[in-house]
There are 2 protein chains.
Amino acid sequence: MARKRTKPGKIRLTEVAKLAGVSPITASRFFRTPEALSINKRVRVESAARELGYVPNLAARALASQRTEVIGVLIPSLTNNVFSDVLRGIYDAVDGSRYTIQLANTRYSILQEEKLLRVFLAQKPAGLIVTGIDQTPESRSMMEATDCPVVQLMEIGDNPVDMMIGFSHADACHAAISHLLDQGCRRVGFLGARMDPRVQRRFLGYQQAMKDAGLLDPRLIVTTPLPTSVTLGGTLFADLLAKAPDTDAVFCANDDLALGVLFECQRRQISVPEQMLISGFNDLEFMASAVPTLTSVRTNRYEMGRTAATMVIEAMDGRRPEQKVVDLGYTVMVRQSSVRPGHAGRVSAERQRAAE
Amino acid sequence: MARKRTKPGKIRLTEVAKLAGVSPITASRFFRTPEALSINKRVRVESAARELGYVPNLAARALASQRTEVIGVLIPSLTNNVFSDVLRGIYDAVDGSRYTIQLANTRYSILQEEKLLRVFLAQKPAGLIVTGIDQTPESRSMMEATDCPVVQLMEIGDNPVDMMIGFSHADACHAAISHLLDQGCRRVGFLGARMDPRVQRRFLGYQQAMKDAGLLDPRLIVTTPLPTSVTLGGTLFADLLAKAPDTDAVFCANDDLALGVLFECQRRQISVPEQMLISGFNDLEFMASAVPTLTSVRTNRYEMGRTAATMVIEAMDGRRPEQKVVDLGYTVMVRQSSVRPGHAGRVSAERQRAAE
DNA sequence: AGAACTATTGACAGCGCTACCAAGCCGCGG
DNA sequence: CCGCGGCTTGGTAGCGCTGTCAATAGTTCT
């Protein structure tokens, strides 16, 4: 006995087609390839759909067409401000397109990332955006095997799975350190939290710059696996001063840490920049507002997310981008906290290295 | 002529059933109601699924079962730190369950919210989490008509659509203002950005407290529709001082603004708390780290997101919570910035009003 | 022993949409 | 006048899974 499973009030494509006086398949085409319809039918289907308030059933569409309109996004953290900017860019780019975002959090674990990737790919996503370039070999081969566009985000490297957008963390950090050295600093400390791959690469940039200047000293380095915070900045800075009391500048791998250092300096009556220069990384909004204003390295996070999503969408629509690797560059925003009084160099000068 | 559409390598439920030596429907039940299977078959299906690396096709499941395992989440902003905490809670709660999150951004527009709601509901979500209690009448009736659990987040009010979790913004703000008045302040300014419904309710709490004390004065109030930022805090504070130079305390509807006020005080050589008391709202991490430490109102955002998602999941599993409205309360975190020197009252005292 | 249950398992028929193929229509060239 | 090719439209047959009902096996009760 066949039972009635279809609720009477529900509006399916069939209802729209009936009202428009066309076959269901023609109505279906209206939503996929409207340009293949004659003007006449196009108008009729459109008004019928509007009149009935038709909303397509995505599950049925996905099942029948063997693909979804979902872009999977894997990011390591929801807490970190850095990613909220990236996400905003992604969501803005997707907004208005027919695609939707499926977001998942790897918690900085590449094994967790691999697991999520497996689940995502089983649902045949339309596209994929992943963070960073350090995936497990297993993840990598999964991404290479899939036929949907993939963007690696936040960094650039030699071996893109498909597309890539970001900047060189090592170079960006190197530029900031060079600026501090230009100011005459000799004992430049490094504070790093979490020590994820991107912070590691900034650390490499620091080490290179210090080594080139013959100033590298392990006592100047304080790192921790703990997640970044303002309070932690103060703590790490205290550790640094304990190890190297003659520190004359601090580079912080995150702006949170830099703000914490500034507060700790205020607490200890260390005047910035007279006795201590400070630079952060990321250029969060508050850096330009602090007293003194804080130097940082501006990275184009919103732009990064936006472009990544746009690249995926364009690739899905068959328009592969002309360049698969996009370097968004960075800008050292020189502010009061890193300019030696009386030293040549004016505040708010910028050292930029954008993609050419 | 029937064509082959099924790719040969693909693993469907049928393949798992075949390997396990059971019918497809039995295999299907293994994934939905394993306790209905005999131990014997349960083990066989499990090992067959694992051996083949079977991953269910969610689109087919959704189509056949007429429901999804997606929880729709509508938040007004991705930028605001407040929501990243809430989101983290939601994702943490969902993690490990069989549900997934579909996130969308209303950009503080209830019309946009209504539009998104319409799209979400057409896909028959398993549950829904929306921000605030100010929806359009249209949105409200859609949410009432749906049979999935709905949680309203961030606030509590009289008329829940279904479930509700949050706290009273008016009361929380009122408590902070009372604390400032207790410190002997008479000219307490109010700075507000964005002025979304929740900030509006904090504003009401401020007005009530000031009116009760006979101290309400429009010159003490500076608001703007612009989104909050640290820099904006400085600007609004400058405006306030221009209108009311005798201001002796500032309540900021967001912590960003409070930090901006602190920096502006430093710039103008106004000493905190000697000449100016400051309180923020939300208790972001940096507040406890600033110099002086900044008073704020702690709200349990992570907990809010986590509980909301848990409530939805439990409701979906048939366990409706005992209470549909959960008040998570707040805590006034009294710190250096709001304690008059020499005044009775010690730093880090807390004024709490948690749910009883 | 027979009836009345309960616990397991299976068969069938879709869910709403789209891929694939085929057919109808038109104008044009041979 | 016929046939060809491009443009539009329609028919058929699933996509992979689950809701419903029925059937079978195993148990308990009277």
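Since the structure is predicted, the reported quantities are computational estimates derived from the model, not experimental observations. The chains referred to below are lettered A, B, ... by the order of the sequence lines, with proteins before strands, and numbering in each begins at 1.
- Not a single donor-acceptor pair under 3.5 Å links the side chain of B:Glu314 to the backbone N or O of B:Met311.
- OP1 or OP2 of D:dT18 lies within a sub-4.0 Å distance of a side-chain N or O belonging to B:Ser28.
- The backbone N or O of B:Thr136 lies less than 3.5 Å from no partner atom in the side chain of B:Glu114, so there is not a single donor-acceptor pair.
- C:dC17 atom P lies 21 Å from atom NZ of A:Lys124, rounded to whole Å.
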Which string of ( ) [ ] | and . matches DNA chain C, if you list each base 5' to 3' and count Watson-Crick or G-U pairs only when both distances are under 3.5 Å? ||||||||||||||||||||||||||||||

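- Between the NZ atom of B:Lys18 and the P atom of C:dG10 there is a distance of 14 Å, given to the nearest Å.
- Here C:dT18 presents its C1' atom at 10 Å from CG of A:Leu63, a figure rounded to the nearest Å.
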Collect all protein-nucleotide pairs involving nucleotides 5-9 of chain D in which both atoms are nitrogen or oxygen and the distance is under 3.5 Å.
from	atom 1	to	atom 2	distance (Å)
D:dT9	OP1	A:Ser38	OG	2.8
D:dT9	OP2	A:Ser38	N	3.1

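- Residue pairs satisfying the salt bridge (Lys or Arg N to Asp or Glu O under 4.0 Å) criterion with at least one member in residues 99-113 of chain A, sequence neighbours excluded, are listed as follows: A:Arg107-B:Asp92, A:Arg107-B:Asp95.
- The nearest whole Å value for the distance from the CG atom in B:Leu13 to the C1' atom in D:dG16 is 8 Å.
- Distance A:Arg32 CZ to D:dG10 C1': 13 Å, rounded to the nearest Å.
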What protein N or O atoms touch nucleotides 23-28 of chain D N or O atoms at under 3.5 angstrom, if any, and at what distances?
none

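- A donor-acceptor pair under 3.5 Å links the side-chain atoms of B:Asn300 to the main chain of B:Leu328, judged by distance alone.
- Ring centroid separation for the pair B:Tyr54 and B:Phe31 comes in under the 6.0 Å cut-off.
- A:Gln152 contributes a side-chain N or O that, together with a main-chain N or O of A:Val161, makes up a donor-acceptor pair within less than 3.5 Å.
- Among the protein residues, A:Arg67 comes within range of the sugar-phosphate backbone only, with heavy atoms under 4.0 Å from sugar or phosphate atoms but none that close to a base.
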Distance-only donor-acceptor pairs under 3.5 Å for side chains of residues 16-26 of chain A, two or more places apart:
from	atom 1	to	atom 2	distance (Å)
A:Ser23	OG	A:Thr26	N	3.4
A:Ser23	OG	A:Thr26	OG1	3.0

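- Salt-bridge formation is not detected for the pair A:Arg306/A:Glu303: no Lys NZ or Arg NE/NH1/NH2 atom is positioned less than 4.0 Å from an Asp or Glu carboxylate oxygen.
- Summary of the strand contacts: B:Ala60 and B:Gly21 both lie near DNA chain C, and taking for each the nucleotide with the nearest heavy atom, the more 5' one is attributed to B:Gly21.
- Here the C1' atom of nucleotide D:dG16 and the CZ atom of A:Arg61 are 18 Å apart, to the nearest Å.
- A sub-4.0 Å separation between OP1 or OP2 of C:dC17 and a side-chain N or O of A:Gln66 is absent.
- The main-chain N or O of A:Gln135 is never found under 3.5 Å from a side-chain atom of A:Ser139 such that the two would form a donor-acceptor pair.
- B:Tyr54 comes within contact range of the sugar-phosphate backbone alone, with a heavy-atom separation under 4.0 Å but no base atom that close.
- As rounded to whole Å, 11 Å separates atom P of D:dC17 from atom CD1 of B:Ile11.
- What separates CG of A:Asn57 from P of D:dC15 is a distance of 18 Å, to the nearest Å.
- Among residue pairs with one or both ends in residues 19-34 of chain A, none qualify as salt bridge (Lys or Arg N to Asp or Glu O under 4.0 Å); sequence neighbours excluded.
- Although no hydrogens or angles enter the test, the distance criterion places a donor-acceptor pair under 3.5 Å between the side chain of A:Ser47 and the main chain of A:Arg44.
- A donor-acceptor pair is defined here as one N or O able to donate and one able to accept, closer than 3.5 Å; such a pair exists between the side chain of A:Arg42 and the backbone of A:Pro34.
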